Amino acid sequence: MKLYNTLTRQKDEFVPVEPGKVGIYTCGPTVYMFAHVGNFRAYVFSDTLRRVMDYLGYQVKHVMNVTDVGHLTSDEDTGEDKLEKGARQEGKTPQEIARFYEKVFFDDAARLNILTPHIVCRATDHIPDMIELVRRIEANGFAYRTSVGLIFDTGKYPEYAALSRLNLAEQQAGARTTVDPERRNPSDFALWITNQPKHLMQWDSPWGRGFPGWHLECSAMSIKYLGERFDIHTGGIDHVPVHHTNERAQNFAATGKEVVVRWMHNAFLVINDTRMGKSEGNLVTISELEKLGVAPLDFRYLCHTALYRMPLSYTAESLKSARNSLRGLVDFGRNAQVWPVKDPAWTEPFQREFKEAVADDLNIPQALAAAWNIVREGNQRQDRTAWAALLDFDRVLGLGLERLVGATPGIPDQVAELVAAREAARKSKDWAESDRLRDRIGELGFVVEDTPQGARVKPRP
RNA sequence: GGCGGCUUAGCCAAGCAGUAAGGCAGCGGUCUGCAAAACCGCUACACUCGGGUGCAAAUCCCGAAGCCGCCUCCA
């Protein structure tokens, strides 16, 4: 299979570190506020990556962090911790805040059929691992002290700019932040932050009481769970220049190796020609999506309509399109599941197309096209083989088609009575009464469809 | 100022050198008491614009325009 690598800026053949296995580390949520649909595009992406790897027969180990400390509100290594700010605003402890939003995150993820990573690790549970990693970094001569704490010396790592292809000489250092005169290089960042007495979450360390820099947790935990050389690290494209660049530098400083073989980054969800972000004030959560009449899985389908590396338009129209598409797939399943199996082989070319598409840097749009071709031809053939193929595809798509098809919403007794009455009216060809009853059923929020097998009722779309 | 991305039908979006996937919407038809649902069919002589290199370019190169992201926290 081929996968894009941010480091090399090209698609190349995936060769696992250990044959038959793949280790994936995903930059997880900072749990101090609700995650929005833009965030979730990233997790649909990493989930899809995991599912594709599994589909192609790899033994997957998927690790994701939960950031519950150390993520400051500014990058000056002196600002307020996000968790603590949230706690102060809501009158709770940082841990209460973190656990609350962590739970909401995983509840939302579950509604998107995002599989829980095999290992979910909280930063605060790994402080000793982080301290140990910093010891190694310091022992290897990559750190120095300032009044802020222990600082990473990016000047010691010639490869520092490679991941994001930074032009450090031309970068306008401190263009939007104040320059710390104690730093040797503008890009240097804090490994361990001390002298912040107002900070609630503090731990003892060889460098004094304090707390870890943001980038540290991902280095420490990815190495702990996946080893000093692992296959894939995922995250949003915004993490390339700072977070992942620094992580990579830490990894090298501690181990002397290129720890991450392949970096993969998803592009943003674009809403009204701008990104979705807190400062943009255009956040939409999964719950709010449902208020708009859009199911979480409709959103998952939307994510599948574009390549993960391309910006995806999030509009009322694109959402509606995704919702209708998913309904189409489900409606097909309702019909197809009762057809006989006629020719078990005709879907094979499409299945091959599907597999090739997902193995080509996760080209889900192309894979989806194969699925729809099966739908069209399946309809013509009236062959359940089509449905079996779609259920196989769903191992990658994660739309839960089988469950969606099986889901039969409850029909209120009142509606059932009206339907029965209408059936009687139709039998006696009393069309006026029949139509009146259909309108009445419609007012109650249901649609009745006449089929050869009798009336079928479902909630109005 | 630096780095990067995008521009394909009404909308979303694949394709990345061999003559435009797929979905949504729309239109026509079959079915139906009428509908709905479902199904069948149709819908870009063309890929922002201008040059260039190829037998061949949406696809490669150069240039222009528009839009966007990152270099503050951010998926």
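Below, chain A is the first sequence line, B the second, and so on; all start at residue 1. Treat the numbers as computed from the prediction; the structure is a model and nothing was measured.
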Under a 3.5 Å cut-off for both distances, is B:rU19 Watson-Crick or wobble paired, and to whom? none
Donor-acceptor pair under 3.5 Å, A:Arg309 side chain vs B:rC6 base: no
Strand partner of B:rG66, provided both Watson-Crick or wobble distances fall under 3.5 Å: B:rC6
Base-pairing mate for B:rA56 - Watson-Crick or G-U, with both contacts under 3.5 Å: none
Aromatic ring proximity, centroids under 6.0 angstrom, A:His304 and A:Trp372: no
If the glycosidic angle sits within 90 degrees of zero it is syn, else anti. Tell me which applies to B:rG50. anti
Atom pair OH (A:Tyr308) and OG1 (A:Thr48), whose distance is rounded to the nearest 0.5 Å: 11.0 Å
Integer-rounded Å distance: B:rG33 P and A:Lys429 NZ: 7 Å
Kindly confirm whether the side-chain ring of A:Trp372 is stacked on the base of B:rG22, judged by centres under 5.5 Å and planes under 30°. no
Distance test, side-chain N/O of A:Asn363 to OP1/OP2 of B:rG15, below 4.0 Å: yes
So which one's nearest nucleotide on RNA chain B is more toward 5', A:Asp435 or A:Asp360? A:Asp360
Scan A:Val358, A:Asp361, A:Leu362 and name whichever one has a side-chain contact (heavy atoms from CB on, under 4.5 Å) with A:Met1. A:Leu362
Rounding to a whole Å, what distance do you find between A:Tyr308:OH and B:rG69:P? 22 Å
Quick one: is B:rA14 close enough that its OP1 or OP2 comes under 4.0 Å of any side-chain N or O from A:Thr305? no
Can you find a donor-acceptor pair, distance only, under 3.5 Å between A:Asp450 side chain and B:rC34 base? yes
Comparing A:Ala322 with A:Glu317, nearest RNA chain B nucleotide closer to 5' gives the residue A:Glu317
When A:Phe100, A:Phe34, A:Tyr43 are each screened for ring pair (Phe, Tyr, Trp, His ring centres under 6.0 Å) with A:Phe105, the one that passes is A:Tyr43
Under 3.5 Å donor-acceptor pair, A:Arg438 side-chain atoms to B:rA36 base atoms: no
Has A:Asn324 got a side-chain N or O lying under 4.0 Å from the OP1 or OP2 atom of B:rA25? yes
Report the base-pairing partner of B:rC31 (Watson-Crick or G-U wobble, both distances below 3.5 angstrom), or none. none
Would you please confirm or rule out a distance under 4.0 Å between OP1 or OP2 of B:rG41 and any side-chain N or O of A:Gln380? yes
Working to the nearest 0.5 Å, report the span between CZ of A:Phe45 and CG of A:Leu312. 14.0 Å
In the structure shown, which nucleotide is the Watson-Crick or G-U wobble counterpart of B:rA46, with both distances under 3.5 Å? none
